[in-house]
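To start, the structure under review is shown below, and the notes come after it.
It should be emphasised that the depicted structure is a prediction, and the values quoted were computed from it without experimental measurement.
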Amino acid sequence: MALVAAAGLVALASVLHRGSWRLLRNVVTIVHEGGHAIVALLTGRRLAGIRLHSDTSGVTVSVGRPRGPGMIATLVAGYPAPSLLGLLAAYLVTNGMTRGLLIGSVVVLAAMLLAIRNPFGVLSVLLTGAVIFLVAWFAAVEVQEAFGLLFAWFLLFAGVRPVRELGRMRNRADTRDSDAHQLARLTGAGPLLWIAMFFLINIAALVVGGGFLLGLL
């Protein structure tokens with residue numbers, strides 16, 4: 001339990017600290033754009049490419065109907081993706097499947113690499129995949145377990161911060177093409193409603209995932 005709590009504190013500090021967040025937010029962007037890409041494919045859209053930028057922004061382009069359930073689901077998928085992956089990670093780690101989580105993450109990143117369309121994106125995915133690969137294939141079991149705990153806690157905490165940031169900046173001109181604003185234009189429901197939905201999903205994932213990790217669920 002001490003290791004679980006320590007991992008949680010380290011992960012929380014990395015999300016709250018400006019310097020570490022600036023670097024690690026790239027990982028959140030990878031998961032965010034990966035969420036868009038996976039749901040786009042699941043809803044029958046054609047994935048045209050993913051771009052990840054050094055300012056931690058990203059864009060996923062898919063081809064298909066510009067309106068309708070598939071487009072809406074694709075847009076909805078981004079912001080909840082880190083928290084939902086964190087929830088899955090928490091479940092797998094607490095059930096002795098940490099190495100499976102790490103290997104699965106490497107496989108998904110390798111597949112995602114095929115869709116990346118800019119050099120920084122390639123570098124970002126390669127570095128993230130390399131770290132996870134080294135831990136999964138060469139680290140001791142104890143190190144893998146500690147890394148898995150950090151991985152799960154980080155995603156659970158990190159999923160909340162971008163939604164909070166989006167909520168605070170929702171009226172700025174440079175956020176008018178955010179997922180929430182695009183969903184508002186597609187559905188007629190205001191961006192604040194979508195931001196609130198993202199926030200509730202991610203908080204719920206944090207509560208449930210934290211419950212798994214702390215042995216409360």
Side-chain angles (χ1 to χ4, degrees), residues 11-40 43 45 47 49-62 66-90 112 116 118 120-121 124-125 128 151-210:
L12 179 59
S14 72
V15 171
L16 296 177
H17 186 269
R18 182 178 299 178
S20 58
W21 175 244
R22 177 66 181 78
L23 176 65
L24 293 172
R25 200 182 197 284
N26 289 291
V27 177
V28 179
T29 303
I30 290 172
V31 180
H32 178 114
E33 300 304 331
H36 285 314
I38 290 171
V39 173
T43 56
R45 300 178 66 81
L47 185 61
I50 301 170
R51 290 180 176 270
L52 307 170
H53 304 297
S54 58
D55 64 356
T56 73
S57 66
V59 61
T60 297
V61 179
S62 62
R67 307 184 70 86
M71 188 69 235
I72 292 171
T74 298
L75 286 169
V76 167
Y79 277 100
S83 293
L84 295 178
L85 179 57
L87 176 59
L88 175 62
M112 187 176 178
I116 301 294
N118 66 317
F120 181 82
S124 185
V125 172
T128 303
F151 185 78
W153 276 122
F154 171 75
L155 289 173
L156 290 170
F157 286 126
V160 177
R161 181 164 176 172
V163 180
R164 180 174 175 271
E165 292 171 349
L166 178 61
R168 292 175 61 187
M169 299 186 298
R170 68 183 183 277
N171 293 320
R172 282 174 39 173
D174 58 357
T175 64
R176 295 302 171 84
D177 287 324
S178 72
D179 297 348
H181 286 82
Q182 291 183 66
L183 284 163
R185 291 192 289 270
L186 283 173
T187 65
L192 188 58
L193 178 64
W194 292 105
I195 293 169
M197 188 189 77
F198 296 152
F199 187 76
L200 289 174
I201 291 172
N202 292 3
I203 287 294
L206 173 59
V207 172
V208 176

When you measure from the side chain of [X] to the backbone N and O of [Y], does any donor-acceptor pair fall under 3.5 Å?
X: Asn202; Y: Ser83; value: no
X: Arg51; Y: Gly121; value: no
X: Ser124; Y: Phe120; value: no
X: His17; Y: Gly19; value: yes

With rounding to the nearest 0.5 angstrom, report the [atom1] to [atom2] distance, [X] to [Y].
X: Leu192; Y: His181; atom1: CG; atom2: NE2; result: 9.5 Å
X: Ile30; Y: Ile116; atom1: CD1; atom2: CD1; result: 7.5 Å
X: His36; Y: Leu47; atom1: NE2; atom2: CG; result: 11.5 Å
X: Thr74; Y: Gln182; atom1: OG1; atom2: CD; result: 11.0 Å
X: Arg45; Y: Thr60; atom1: CZ; atom2: OG1; result: 11.5 Å

Looking only at heavy atoms, which two atoms of [X] and [Y] are closest? And how far apart?
X: Ser20; Y: Ser14; value: OG-O, 2.7 Å
X: Ala152; Y: Ala90; value: CB-N, 3.7 Å
X: Ala89; Y: Phe151; value: CB-CD2, 3.9 Å
X: Asp179; Y: His32; value: OD2-NE2, 3.1 Å
X: Ile50; Y: Ala37; value: CD1-CB, 3.8 Å
X: Leu87; Y: Ala205; value: CD1-O, 4.0 Å

Query - Heavy atoms from other residues, nucleotides or ligands near CZ of Arg185 exceed 12 (cutoff 6.0 Å) - result: yes
**Report entry** Among Leu206, Leu84, Leu85, side chain to side chain contact (heavy atoms under 4.5 Å, CB included) partner for Leu156
**Finding:** Leu206
Non-hydrogen side-chain atoms of [X] and [Y] separated by less than 4.5 Å:
X: Thr29; Y: Ser57; result: no
X: Asn26; Y: Leu52; result: no
X: Trp21; Y: Thr56; result: no
X: Met197; Y: Val76; result: yes

Report task. Go through the structure and list residues passing side-chain hydrogen bond (donor to acceptor under 3.5 Å, both in side chains) with Arg161, not counting sequence neighbours. Result -> Glu165
Query raised in the report: Who pairs with Thr187 by side chain to side chain contact (heavy atoms under 4.5 Å, CB included), at least two apart in sequence or on another chain?
Result: Ile72, Ala189, Trp194
Query raised in the report: Given Tyr79 and Ile195, is the side chain to side chain contact (heavy atoms under 4.5 Å, CB included) satisfied, shown in steps?
Result: CA-CA 9 Å; Tyr79 277 100; Ile195 293 169; over 6 Å; no
